[in-house]
Amino acid sequence: MLKIDKLNFSYGDLKVLWDIDLEVHAGEIVTVVGSNGAGKSTTLKNISRLVRPTSGTLTFGGADLTRLESHEVVELGVVQVPEGRKIFPEMTVTENLRMGSFIKSARGDREANIERVFTLFPRLRERHKQLGGTMSGGEQQMLAIARGLMTNPKLLLLDEPSLGLAPLLVKSIFETITEINRQGVTVLLVEQNVYQSLRIAHRAYVLETGRVVLTGTGEELLGNEHVRKAFLGM
Amino acid sequence: MIVFLQSLMSGVLIGGVYALIGIGLTIIFGVMRVINFAHGDILMIGMYLTYFLFSVFGIDPFLSVAICIPVMFAFGALTQKFFINRMLGALPQNQILLTIGLGLIMSNTIMLLFTSDYKILTTSYSSGSVDLAGISVSQPLAISFFITAAITAALYWFLMKTDIGQAIRATAQDREAAQLMGINVRWTSILAFGIGSALAGTAGALISPTYYIFPQVGSAFTLKAFVITVLGGMGSIVGATLGGIIIGVTESMSAVYISSGWKEVVVYVLFLLVLLFKPSGLMGTSRM
Amino acid sequence: PVKIGFINSITGPEAPIGENLTNGVTMAVEDLKKKGIDVQLMKEDDTGKPQISMSAMEKLAQDGVAGVVGPYTSACANAVAQQAMKYKVPQLVPAAAKEDITRQGFTWVYRLNAPAHNYAQALMDAAFNLGQPKSIAFIYESTDFGTSVSAAGKDYAAKKGLKIVADEAYQKGSPDYRSTLAKIKAQNPDLVFMVSYVADAILLMRQSREMGLAPQAFLGGGAGFDTAQFESEKDISNAVFSVTQWTPDMGTPGAPEFYERYNKQFGKKPTYHAACAYQAMMIMGETAAKAGGDREKVSQILDTGTWTGIMGEVKFEDYEGFTNQNKHMMPVIQYQNGKAETVFCPGKVCKVKPIYPFPGWK
Amino acid sequence: MRVTLSATARRGASPLGLGLFAAAVVVLLLFPQFVKSPYALHMMVLFFLSVIMGESWNILGGYAGQYSVGHSAYFGVGAYTTMILMTAKGIPPWFGVWVGVVVVVGVALIIGSICFRLRGPYFVLASIAVAEIMRLSAFNLKELTNGAEGILAVSVPPLTIGGTVITDFLSKVPFYYFGLGLALLTIAVTWVVEHSKLGYFFQAIREDQDAAHSLGISLTLYKNIALVISAILTSLAGSYYAVYVGFVDPNTVLPLDLSVQIVLISIIGGIGTLFGPVVGALVLVPLSEALRSNLITQAFFSMGLVSQDSKVGIFLQENLAHAHVLIYGILVVIVILFMPEGVLGFVTRLVQKITRRDA
Amino acid sequence: MAILEVKNVSKFFGGLAANSDVSFSVEQGMIMGLIGPNGAGKTTLFNCITGYYPPSRGEVTFDGRRMNGLQPDKVCKLGMARTWQKVRPLAKMSVLDNVMVGALCRTNSLKVARDVAMEQVKVVRLEHKLNFLAGGLPIGERKKLEVARVLATRPKLVLLDEIMGGLNPAESEELIQLIFDIKKDGITQVVIEHDMKAIMRISERIVVINSGEKLAEGTPAEIVATPEVVAAYLGSEH
Ligand SMILES: Nc1ncnc2c1ncn2[C@@H]1O[C@H](COP(=O)(O)OP(=O)(O)OP(=O)(O)O)[C@@H](O)[C@H]1O
Ligand SMILES: Nc1ncnc2c1ncn2[C@@H]1O[C@H](COP(=O)(O)OP(=O)(O)OP(=O)(O)O)[C@@H](O)[C@H]1O
Ligand SMILES: [Mg+2]
Ligand SMILES: [Mg+2]
């Protein structure tokens, strides 16, 4: 479904991605783990076309992503919940969610989707009139995920969705991911919660200083010596 | 008493035109976070357009609003597309400077085309007035006031109630997030700058039957527009409307009760006071 | 050819007026050529800023001009005057009104036009000639010109026992003077004295009409009240007086012809700025040619010579504290049915009779 | 065109830069010995004036990140104070200047107490408003400022120390050296700021006020320090201007236009760098004079490309005189679009690229 | 001796009580954990303590001194420093300069500040990024930078707001060691963290808040045994 081939990228003079090869098949949950600054977020930014690669090809369901603008990528169904939440600070919770269904294909399901995410995150329903910018860190994270779901994504890119969430919620976030995956949404997940994310992943990649160093099924990587040492601190 | 009511009336009417200028700026600022120093120059182009249509084709200035809106929209949209869009995300001081440069280009190009002469657009109603219980109400200003009111209402509905309007606001608050929602931010920026320019141009058209036209006319209005938008709360349409009328009334009241020389000082002092006690402006919290 | 410098506000806020001077000078250069005088004109823009006009003057002095005409604005003319003294370059000021320019004993600086105080005097004398006004209101833009003309007006009013009921200085470019006018109307003055540039002049009269302000006479202190645009505003200009440096029918040689030619060439009527600039350039051109480009000689000729042309007789004299000031007498005009008619000409009887008092608004 | 954050940071000028600077100073010190043309000296005076204004703005705008577009206020206060004292009280400018400094500190603190409560664009606009209030007040406070008519100084009293006349200000040379001295002073002040705690604090405030605040930096105190330093230096520029031109009025020393000009110098050159404003002045002053005086056309003529009497020649002569501000505007836009870090930043980057390629 | 005392602090945003009547005290030299569900009011409490918000009610004393009404810079000078949950690097300054800004809180000498900063940069292991612009650091390194900067102000008490968020377990481990090191220097710490494993290990005492109110306080062992805490925050797994 998504295929990244020999992706290279630099921020100015600083090269951060080296020949990344990555594939996501329809229906999968694929996890990318890697230490700080490995280039996980940068990879997602390349997929969403927030930045332009130096070289390499990115295709989604046959469409060449490098020819598209960010918003066109979203229209194809590739939706990112970015690191650092990036919610609209001066819009209310509801308005933020409405923006989630801006693209045509999602507009029809707006009301149903709002209902769905409110059920998922009751706190949002409680605060539906609060301005996004005044929500707490974790509340904003919920809003960001909810807003991403409003888009009816085919492929959902999640950049550290559990960041800043309380333990109870972390658990339910991973359950939610599995659940929406079961409903047919493909997921590319970047996580620091390595244990949980590898557990739910079909396949996973390990990124180190901008290179893919390891790949395999979630199970395999969980059992991998290197992964256990470098990421699980065991 | 008559003098008081008279100056209140003049203040409100001229405030209506100010409001239109302010709204245009507020939208541009709201979306691009760009302080548009060329706003008055865009207004000036609107004036010349109206003048041109009037003197060559004999089109009434108020009717020419119908032409002015699309033409100025296109003008603003193109400016955005070719210049300002390249600057988005750049340092704020660079954006300020870019608009200053664009303003210089606009006023000096017009000067080359039309010379620096003052142009006066005289219509049959330019100094027409209606007597309302001893208070004279300027006909052209009254018409402008109603046009302004209509445009403002339409715009408010557009920004608050339609998806595209909301997308414009979203772009203002976080461009990257907006992109991730499938919003074409280049397009919303073009739209916003276009609307802002159309409003400035319309204000120019509305004011031209009662005012005069020359290439440097813009700078005075740029300043006024700043004061209005900040006073009302940046990004707030209701605020800009309120700001415009407050400025209009303050000016005319202080001209009568203090002196013409000090009236603008009073406006700026008022402006600073509002900022001090309510830094986000009068309508700063109620968004748009 | 003789090199002559011309410093003017070609761009910047004063450009609308500056353009008239440019046109006048262009015509003068043509006329000089017809007289066999080949002028190499060095045109410099000062953008209305004194330090830039200084740059221009430095450059001209260095380039060896025989003399300089300009700048237009008082602030610039004055900054340049100091340099004219320093470098001994004859400077002929065509239209700047600030009194100081020729009051500092600058022997290299000459002025063609009448300075600020003459405006008010000529105009108010006209009013006293026609009626017995008791009170007067002043409304003027706060520029050098506006304040100095009306300051002279206020002095003169005090001398003549007129009661000053309003004294309103405004920042030019405001779109709305209605409240100020409402305030003045409430005072019911006999005379309303206004000093404004063209656009505000029209605005003030339009809004006066709106407000129904109707004194015995509207007195316009030159500048904007003496322009083609104002003239063409038939509805509001009627019976308004203005003072001016020049009119085509003030009886000076060549004035009507100048008027016609200018009108044809530039598609509009000449203002007195144009006439002043024309005359100044004619004088400077002829003088420079006669002096063979020698600055010393140019200055000598300017000191002693007399010229007669569209501005009447021109002579640079020292009097009442002025140095090298042309004692120009200003005519007074009145708009009658959309036409500017000269109603008081210095030293002559005019053909057209003035209307007094103001007949009221239609 | 996002400013990339990948580069490693460098602090201070390179030895090469310092060497160049020292050489430039020596050349400038000797300049009037070799160049006698008053026109050239006048251009140098305008250049120094721009350097002083640009450097002083840079301290507040470039380092502390407070984009004041109202610096004409301080310029005007300096200019007016000096002129008023000189003409009304006969106090020579080299005393008047210091009175101006005292006054401007007072004014700056008042302005600071109002404007520094505001951030970002609100600050920009408040600074404009304050400067406009000053300008309009100068029109209205006739007893003090002589209103729109302005203040004219007939002559500058000679500078004497212990009875001996140091200079009589009759030629441009003393002005030249005063200008050079002030320009060097502002550069020195900037250098000191950059290499002290102040520089760090100013930049911290520029980058993130809240973060700076939480690190023990008093925002009010340090913003006001930046403002006061900046205002003092700007007022020196104003005094210098007033004495040099000999005339002040509200529209020449207090207009918005001047504030914009001041900002332009820094930004075109490169904001927040020691030599940015110098480069800005070096670009803008000759450029605007060349455009204004139609040097381009003149160059065409002298190179024989176009004849002076030909249609093209006349056209150029006529129109370029009117178009110089237009061309200036176009150039500003080009610089901003293609050199977002200013000319200095652009050149540095270019040099880096070339040297890297060589290496 | 209690170095920090929070007495009946409440903070209202409009009708919403982000903190209501929260009281607790922190002993000199200890590590206090602060936990609670999202939106419980932890960050708000930090803001009230460090002077960013004036508390609507209640008072904060630090080192025996009443802190109400003090500006954040004063608070920092007095020896209480905080990191930001949403990190705030001084983007266009280098890592070293960022930390130097912190150090300059206590000294006027750049040289001294540079030495202090170098030391702190080493403590958080960012020496390889010394001259990098802070704006280009990845999230984890930014968090470390926050800590280094705060330590450079030579605080007596630091408030750390989720410095382990966005780090993998191995990286968190590093920071845990760092926190122990800080403790060794005698610096008191209040730590907000959602990573339960970490918070249990480092905290000597824990305060739990929920919907703005203090729900429980005690040793880590006591806290995990409190049923309300389990229900509101931890979930049954822990
Ligand atoms: N805007 C930027 N400018 C310059 N360099 C950047 C920028 N953003 C990221 N980098 C650099 O790119 C590299 C990869 O960053 P990225 O954010 O992709 O890492 P990550 O794997 O997502 O890390 P984390 O787990 O901390 O989120 C890092 O070394 C970082 O310093
Ligand atoms: N400025 C504000 N205006 C209105 N409500 C606010 C404001 N700031 C915070 N809140 C609300 O106060 C509550 C407490 O927020 P706070 O940021 O303190 O939570 P937190 O405990 O730090 O949560 P998290 O773990 O998610 O960071 C939240 O519900 C938040 O929405
Ligand atoms: Mg990341
Ligand atoms: Mg928090």
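In the text below, chain A, chain B and the rest are named by the order of the sequence lines, each starting its count at 1.
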What distance do D/Arg206 atom CZ and E/Leu90 atom CG have between them, rounded to the nearest 0.5 Å?
-> 9.5 Å
Within the distance-only criterion (no hydrogens, no angle test), does the side chain of E/Tyr52 pair as donor or acceptor with the backbone N or O of D/Asp210 below 3.5 angstrom?
-> yes
Nearest non-hydrogen partners of D/Phe201 and E/Val101, listed with the distance = CE1-O, 3.8 Å
Between CD of D/Glu207 and CG of E/Asn98, what distance do you get to the nearest 0.5 Å?
-> 8.5 Å
Atom NE2 in D/His213, atom CZ in E/Arg88: separation rounded to 0.5 Å?
-> 12.0 Å
Which heavy-atom pair separates D/Ser214 from E/Trp84 by the least distance, and what is that distance?
-> OG-NE1, 3.4 Å
Do D/Leu215 and E/Arg149 come within less than 4.5 Å of each other through their side chains, counting heavy atoms only?
-> yes
Look at D/Ala212, D/Gly272, D/Ala204 and state which one has the largest set of heavy-atom pairs under 4.5 Å with chain E.
-> D/Ala204
Considering only heavy atoms, give the residues of residues 54-68 of chain E separated from chain D by less than 4.5 Å, sorted numerically, with 'none' for an empty result.
-> none
Among E/Val150, E/Leu110, E/Asn108, residue most engaged with chain D (heavy-atom pairs, under 4.5 Å) = E/Leu110
Answer key: most heavy-atom pairs under 4.5 Å with chain E among D/Ile217, D/Thr220, D/Leu219 is D/Ile217
Counting a contact as any heavy-atom pair under 4.5 Å apart, which residues of residues 69-76 of chain E contact chain D?
-> E/Gln71, E/Pro72, E/Asp73, E/Cys76
Highest number of heavy-atom pairs under 4.5 Å with chain D: which of E/Met80, E/Lys77, E/Met100, E/Arg82?
-> E/Met100
Is chain E contacted by the side chain of D/Ser196, its backbone, both, or neither, given a heavy-atom distance below 4.5 Å?
-> backbone
Does any heavy atom of chain D fall under 4.5 Å from the side chain of E/Leu104, the backbone, both, or neither of them?
-> both
Side chain, backbone, both or neither: which part of E/Ser109 has a heavy atom under 4.5 Å from chain D?
-> neither
By a 4.5 Å heavy-atom criterion (distance strictly below it), what part of E/Thr153 contacts chain D: side chain, backbone, both, or neither?
-> side chain
